[in-house]
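Heads up, the thing below is written out as structure tokens.
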Amino acid sequence: MVVNNINIYSEILRKLDKLYPEIKSNLNFNTPFEFYVAIVLAAQCTDEKVNAVTKELFKRIKSFEDLDSIPLEELEEAIHPTGFYHNKAKALKEGAKYIIKNFNSTLPNNFDDLIKIPGLGRKSAYAILGYVFNKSAIVVDTHVKRLAVRLGLVKKGDPITVEKEIALNVEEKDWFKLSYMLNQHGRLMCTAKNPKCQECILNDICPKVGISKNK
DNA sequence: CTCCCGATAT
DNA sequence: ATATCAGGAG
């Protein structure tokens, strides 16, 4: 523990907690199955676009069996606006098959099983653990990665480094909350382009204030 | 590392 | 016209 120095992690947690007191996914879902579909579609896509698509899609598919049996072309058409639709449709159907066969049609609640499912990488697996099963998880998406670099928490922004660094410096009970708050702050304030540094609650502890003025 | 897609910004 | 943004697979 550093004594004569502020802990940047507790400062971030304290400040961002005022802005984002409640953890709520930006993806709309009512069941574990729906979150699984939504998180696969969310790859390289905004949550808003995913929600626009799933609103209708969830009326037609309600289980991994439904997903397994829906014709590929029909699924591709339904998810088209989320981009990468060939990949995603294939991933969803292969994932559904895998879950039916290996996990008795039930979404697993542990990382080692989730990461085996075709189409789920680390970010999606941890998002499922956090949002669906309320387990501790560090969800490192592009926003969390960007903020971790800008705030100087890591030098290298690859997701595993960010995960390790947060795990090392933050109590486990705050892992999911911290990654959630960094995600929200990245979406709303510390945007990729033209971050609003002047209005940012973290601008007193951020080494990168004014970044928008440069390239 | 490249490929996968498309909307929006510049 | 070209750049940027949003993960995973091979």
Side-chain angles (χ1 to χ4, degrees), chain A residues 24-29 34-57 64 67 72-99 101-103 107-108 110-132 137-150 154 156-166 176 179-197 208 211-215:
Chain A
K24 189 179 183 315
S25 176
N26 298 105
L27 295 169
N28 296 147
F29 70 102
E34 289 186 353
F35 190 81
Y36 160 76
V37 173
I39 203 68
V40 171
L41 295 180
Q44 297 288 103
C45 178
T46 62
D47 291 350
E48 288 69 31
K49 279 185 188 172
V50 173
N51 291 335
V53 156
T54 53
K55 190 175 182 204
E56 290 305 313
L57 184 62
F64 293 107
L67 193 48
L72 182 63
E73 294 70 27
E74 197 179 323
L75 183 59
E76 285 185 344
E77 194 189 338
I79 68 172
H80 186 272
T82 66
F84 302 105
Y85 57 95
H86 289 300
N87 285 357
K88 288 178 184 175
K90 194 159 159 280
L92 283 173
K93 288 183 69 68
E94 284 179 5
K97 261 192 176 26
Y98 193 92
I99 292 164
K101 186 169 190 286
N102 298 285
F103 302 124
L107 196 61
N110 66 85
F111 183 79
D112 289 343
D113 283 340
L114 285 167
I115 199 71
K116 289 178 193 153
I117 297 168
L120 294 186
R122 303 183 69 84
K123 177 254 178 177
S124 302
Y126 280 125
I128 289 171
L129 286 181
Y131 288 111
V132 176
I138 303 172
V139 184
V140 182
D141 63 0
T142 188
H143 301 294
V144 174
K145 168 184 155 173
R146 183 178 64 254
L147 291 243
V149 171
R150 285 183 179 166
V154 293
K156 211 161 135 296
D158 67 285
I160 295 184
T161 303
V162 178
E163 285 172 22
K164 294 248 166 70
E165 205 56 31
I166 291 178
F176 185 51
S179 55
Y180 171 79
M181 295 190 303
L182 290 175
N183 170 273
Q184 293 299 300
H185 203 59
R187 296 163 52 96
L188 303 171
M189 180 71 56
C190 192
T191 45
K193 283 190 262 190
N194 306 318
K196 305 173 176 68
C197 299
K208 285 283 193 288
I211 192 177
S212 58
K213 299 213 160 74
N214 306 314
K215 9 227 127 145

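Sequence lines set the chain letters: A, B, ... in the order given, protein chains first and strands last, and positions in each chain run from 1. Values reported hereafter were calculated over all heavy atoms of this structure, with side chains retained and with hydrogens, waters and symmetry mates removed.
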B/dC5 versus C/dG10 - spacing of their P atoms, nearest Å: 14 Å
d(CG, A/L41; P, B/dG6) in whole Å: 15 Å
For atom NE2 of A/H80 and atom C1' of B/dC4, their distance in whole Å: 12 Å
A/N87 CG - C/dG10 P separation (whole Å): 9 Å
Whether A/Y126 and A/F111 hold their rings parallel, tilted or perpendicular, with breakpoints at 30° and 60°: parallel
Sugar-phosphate, base or nothing in reach of A/D47, heavy atoms under 4.0 Å: nothing
Distance in angstrom units between A/L92 CG and B/dC5 P, rounded: 13 Å
Rounded distance (Å) that lies between atom C1' of C/dT4 and atom CZ of A/R146: 12 Å
Phosphate contact (C/dG8 OP1 or OP2) by A/S124 side-chain N/O below 4.0 Å: yes
Distance flag, aromatic centroids of A/F29 and A/Y36, threshold under 6.0 Å: no
Same-atom distance (P) from C/dA1 to B/dC4, integer angstrom: 23 Å
Atom P, compared across B/dA7 and C/dG8: separation rounded to whole Å: 22 Å
Sugar-phosphate only, base, or nothing, as touched by A/T82 at under 4.0 Å among non-hydrogen atoms: nothing
Heavy-atom closest contact (A/L72 atom, A/K90 atom, distance): CD1-N, 4.2 Å
Sugar-phosphate only, base, or nothing, as touched by A/F84 at under 4.0 Å among non-hydrogen atoms: base
Pairwise side-chain contact, A/L147 with A/H185, heavy-atom cut-off 4.5 Å (strictly under): yes
Nearest heavy atoms of A/N51 and A/N26, plus distance in Å: ND2-O, 2.9 Å
Which residue lies more 5' along DNA chain C, comparing A/C45 with A/K90 via nearest heavy atoms: A/C45
Sugar-phosphate only, base, or nothing, as touched by A/P81 at under 4.0 Å among non-hydrogen atoms: nothing
Salt-bridge present (A/D158, A/K145; N to O < 4.0 Å): no
Contact list (N/O, under 3.5 angstrom) for nucleotides 1-3 of chain C vs protein:
none

Phosphate contact (C/dA6 OP1 or OP2) by A/T142 side-chain N/O below 4.0 Å: yes
Nearest-angstrom distance from the residue atom CG of A/L147 to P of C/dC5: 13 Å
Pairing of A/E76 and A/K93 as salt bridge, 4.0 angstrom limit: no
First of A/A192 and A/L120 reached from the 5' end of DNA chain C, by closest nucleotide: A/A192
N-O pairing of A/R122 and A/E163 below 4.0 Å: yes
Atom pair distance, as rounded to whole Å: NZ in A/K145 and P in C/dG7: 10 Å
Sugar-phosphate only, base, or nothing, as touched by A/K49 at under 4.0 Å among non-hydrogen atoms: sugar-phosphate
Protein-nucleotide distance (A/K116, atom NZ; C/dG8, atom P), rounded to Å: 18 Å
